[in-house]
Amino acid sequence: MNQPAGKLLLFGATGDLAQRMLLPSLYGLHIDGLLPPGLTITGTARSQHDDASYRAFAAEALDTYLPADRKNDAAVGQFLSRLGYQPLDASHPQGFDALAAKVGSCDQGLAIFLSTAPSLFRATIAGLAGAGLACDGVRIGLEKPLGTDLATSREINDAVAEVFPEDRTFRIDHYLGKETVQNILALRFGNTLFEPVWSARGIDHVQITVAETVGLEGRAGYYESSGALRDMVQNHMLQLLALIAMEPPARFDGTAIRDEKVKVLRSLRPIVEADAPQLTVTGQYVAGAVKGEAVRGYADELGKPSPTETFVALKAHVDNWRWQGVPFYLRTGKRLPARHSEIVVQFKPVPHSIFAERGGKLQPNALVIRLQPEEYVRLLVMAKEPGLDREGIRLREVPLDLSLDTEFAGTRRRIAYERLLLDLIDGDPTLFVRRDEVEAQWTWIDQIRRGWEAHGMKPKPYTAGSWGPSAAIALTERDGVTWHDE
Ligand code: BG6
């Protein structure tokens, strides 16, 4: 393990992410005594603040976003005393000297958390280098968006690589910071039970759903340049797919785990132009109701018509020995009926049913890994209903339930960024995305977008509060598969 950094520099320190996630996460680490004792945190952004007014700003964010049982005036006071602030207009190189003076020497190690508009990326990296904020002990955490396709992602990665070597570049995918996502590794590689059936031999198909109830949330500027495919599939969903499909790594470390993930990402069968209309569905929500509340359509929220997709469903394949012939159905969207993320591994039916002649009907087993909002792993197995069976054997699917919420009820659920910020400070890259992974992800996504363009595919309207356009249902039903919509 590397030396923990003695300083943290937070770009975007007055932004939404900082208020909702980063400051509460850092405070959470602080009160649990997990931050290095002398760690100072310098915030920077365009807004004019001095240390005192930034501390007041941070105090308000903590007051707004911390759960009541985590608020403690004394601890908040101590945490705030770690904070300082330096305003910066990253488009002007001169400002970086003042920033460097504020941060001070990076001899004790510096971790930088960079989330910035794509247009300021290059200038920011150059500014850091010019002001001596890129020396050997500096690690940089990069928050998306890091490009909109392979070419722009390469440009950004090249600009970063000129200054920071790959082993000091920490690309963030906040899904990897989620406890339940890391639990996929424990489930697969901490148990012998699943591995013998974890392949085309035992598995019929896999479904990955990340459903959200929220809409545009005032992020028009970003979302319009992104859409659901780039916002959710390119990163979070492909990472989930890679964790489900990867070979067992030899060790629990950043090299072994990322080597196995990238092999999966490179084995994704390209969705070639001709196949895009059959293998992908896009949608955009129109006015409807979510959880009983009337909501506007995407174009209404935006104030103009838009070609941006707020929903994607697609059928993917991993072309290797383990997964030959096993479809991976992926689906994500905004303004769906429920907020839930889950992975369903549908096993194959038994080769021969001894119950058929006695009227017993079998369902193939399924493993449901619920990532959020609840956290559970549920294995659906067949059981006989109690009775004397005079009119035939009645079998029913029942869940073998592992509720992680209940099992670990005494443990506080952490924000994904707590884990990631701490790993960045400590220098552990395991849960960050390596450049070759990102490039394999973009290569696959760009091909899909080319297919959409070639066919002039426009998102199909779906009513807010529904499970997306009916074509998404047809996508799986054609294969005799039903989305798991519980
Ligand atoms: C972000 C996307 O990466 O993930 C958002 O930009 C999305 O559009 C969010 O809402 C979902 O994250 P979570 O943790 O709420 O599932």
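Whatever order the structure lists them in is the order used to number ligands and atoms, beginning at 1.
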Qualifying residues under side-chain hydrogen bond (donor to acceptor under 3.5 Å, both in side chains), relative to D253, sequence neighbours excluded = R251
Do R219's NZ or CZ and the ring of Y222 fall within the cation-pi criteria of under 6.0 Å and 45°?
-> no
Tell me, yes or no, whether the heavy-atom count around E407 atom CD, taken from other residues, nucleotides or ligands under 6.0 Å, exceeds 12.
-> no
Determine, for E155 against R122, whether the closest basic-nitrogen to carboxylate-oxygen distance falls under 4.0 angstrom.
-> no
Between ligand 1 and the protein, find all N/O pairs closer than 3.5 Å and give the distance for each.
unit_1   : atom_1 : unit_2 : atom_2 : d
ligand 1 : 3 (O)  : K144   : NZ     : 2.8
ligand 1 : 3 (O)  : H236   : NE2    : 2.7
ligand 1 : 6 (O)  : K144   : NZ     : 2.8
ligand 1 : 6 (O)  : R219   : NH2    : 2.7
ligand 1 : 6 (O)  : D231   : OD1    : 2.6
ligand 1 : 6 (O)  : D231   : OD2    : 3.4
ligand 1 : 8 (O)  : R219   : NH1    : 2.8
ligand 1 : 8 (O)  : D231   : OD2    : 2.6
ligand 1 : 8 (O)  : K334   : NZ     : 2.7
ligand 1 : 10 (O) : E212   : OE1    : 3.3
ligand 1 : 10 (O) : E212   : OE2    : 2.5
ligand 1 : 10 (O) : K334   : NZ     : 3.2
ligand 1 : 12 (O) : H174   : NE2    : 3.1
ligand 1 : 14 (O) : H174   : NE2    : 2.8
ligand 1 : 14 (O) : K178   : NZ     : 2.6
ligand 1 : 15 (O) : R339   : NH2    : 3.3
ligand 1 : 16 (O) : Y175   : OH     : 2.5
ligand 1 : 16 (O) : Q372   : NE2    : 2.7

Scan for ring pair (Phe, Tyr, Trp, His ring centres under 6.0 Å) pairs involving residues 422-451, sequence neighbours excluded, and state none if there are none.
-> F170-F432
In chain order, what residues pass the side-chain hydrogen bond (donor to acceptor under 3.5 Å, both in side chains) check against D319, with sequence neighbours excluded?
-> R269, Q324
